[in-house]
Amino acid sequence: MTGTLTAAFKAIADPTRREILHLLRKEEMTAGDVAARFDMTKPTMSHHFSVLKEAGLVTSRREGQTIWYALNTTVLEDVLAWTMNMAHGAKDERRGD
């Protein structure tokens with residue numbers, strides 16, 4: 001498994017980060033708007049954003065003092081493809097293919 005997939009699986013293992021991805025699925029949001037949905041300190045939220053960015057699951061852009069986050073579907077597609085490949089392989093093994 002590539003480093004990108006490993007980082008992505010590590011990132012989505014955390015329920016808070018999965019919820020952040022869920023929030024970003026429809027639209028780009030500011031860091032403040034996302035953080036307002038959670039009862040966490042700013043450093044904790046910053047850590048979650050950092051892990052998601054490092055895994056390539058989100059992108060960010062700065063507009064003045066505001067940071068905007070968006071979902072990076074490319075990495076999510078890679079995770080889905082890997083998962084489907086694993087599921088298909090398991091099905092083939094059960095059938096004896």
Side-chain angles (χ1 to χ4, degrees):
M1 188 174 347
T2 67
T4 301
L5 281 177
T6 300
F9 279 114
K10 175 185 173 189
I12 62 176
D14 183 273
T16 299
R17 292 192 284 269
R18 289 194 306 268
E19 182 61 24
I20 292 169
L21 294 173
H22 184 76
L23 290 171
L24 296 174
R25 78 189 188 288
K26 291 184 180 176
E27 65 183 349
E28 184 180 52
M29 295 177 70
T30 67
D33 288 341
V34 174
R37 307 280 182 110
F38 298 92
D39 184 23
M40 294 182 188
T41 64
K42 285 185 180 185
T44 300
M45 285 305 299
S46 181
H47 170 73
H48 286 303
F49 286 130
S50 177
V51 171
L52 290 168
K53 279 181 62 175
E54 191 174 302
L57 293 167
V58 298
T59 59
S60 67
R61 66 179 176 86
R62 183 175 290 276
E63 198 174 277
Q65 294 292 323
T66 304
I67 300 174
W68 289 83
Y69 287 94
L71 191 60
N72 180 5
T73 56
T74 303
V75 173
L76 286 174
E77 289 168 359
D78 291 345
V79 169
L80 181 58
W82 183 88
T83 304
M84 294 300 290
N85 187 39
M86 290 299 294
H88 182 68
K91 184 170 64 171
D92 290 346
E93 288 177 13
R94 285 193 305 267
R95 288 192 331 226
D97 291 348

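Computed from a predicted structure; not experimentally measured.
- I67 and I20 fall within the same hydrophobic cluster, defined by Ile, Leu, Val, Met, Phe, Trp and Tyr side-chain heavy atoms under 4.5 Å apart, directly or through other members.
- The cluster map of Ile, Leu, Val, Met, Phe, Trp and Tyr, joined by side-chain heavy atoms under 4.5 Å apart, puts L80 and M86 in different clusters.
- Listed here is the closest heavy atom pair of V34 and L23: CG1-CD1, 4.3 Å.
- Contacts of D33 classified as side chain to side chain contact (heavy atoms under 4.5 Å, CB included), with partners at least two apart in sequence or in another chain: M29, T30.
- The two residues L24 and L71 have their closest heavy-atom pair at O-CB, 3.8 Å.
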Only pairs under 3.5 Å count here: list side-chain donor-acceptor contacts from residues 37-44, not counting sequence neighbours, and write none if there are none.
from: T41; atom 1: OG1; to: T44; atom 2: N; distance (Å): 3.2
from: T41; atom 1: OG1; to: T44; atom 2: OG1; distance (Å): 2.8

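- For S46, the side chain to side chain contact (heavy atoms under 4.5 Å, CB included) criterion is met by no residue, not counting sequence neighbours.
- Note that CG of N72 and CD of E77 are 8.5 Å apart. Values are rounded to the nearest 0.5 Å.
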If you look only at distance, which donor and acceptor atoms sit under 3.5 Å apart when one is on a side chain in residues 48-62 and the other is two or more places apart or in another chain?
from: H48; atom 1: ND1; to: R17; atom 2: NH1; distance (Å): 3.1
from: K53; atom 1: NZ; to: S60; atom 2: OG; distance (Å): 2.9
from: R61; atom 1: NE; to: E28; atom 2: OE2; distance (Å): 2.9
from: R61; atom 1: NH1; to: E63; atom 2: OE1; distance (Å): 2.7
from: R61; atom 1: NH2; to: E28; atom 2: OE1; distance (Å): 2.8

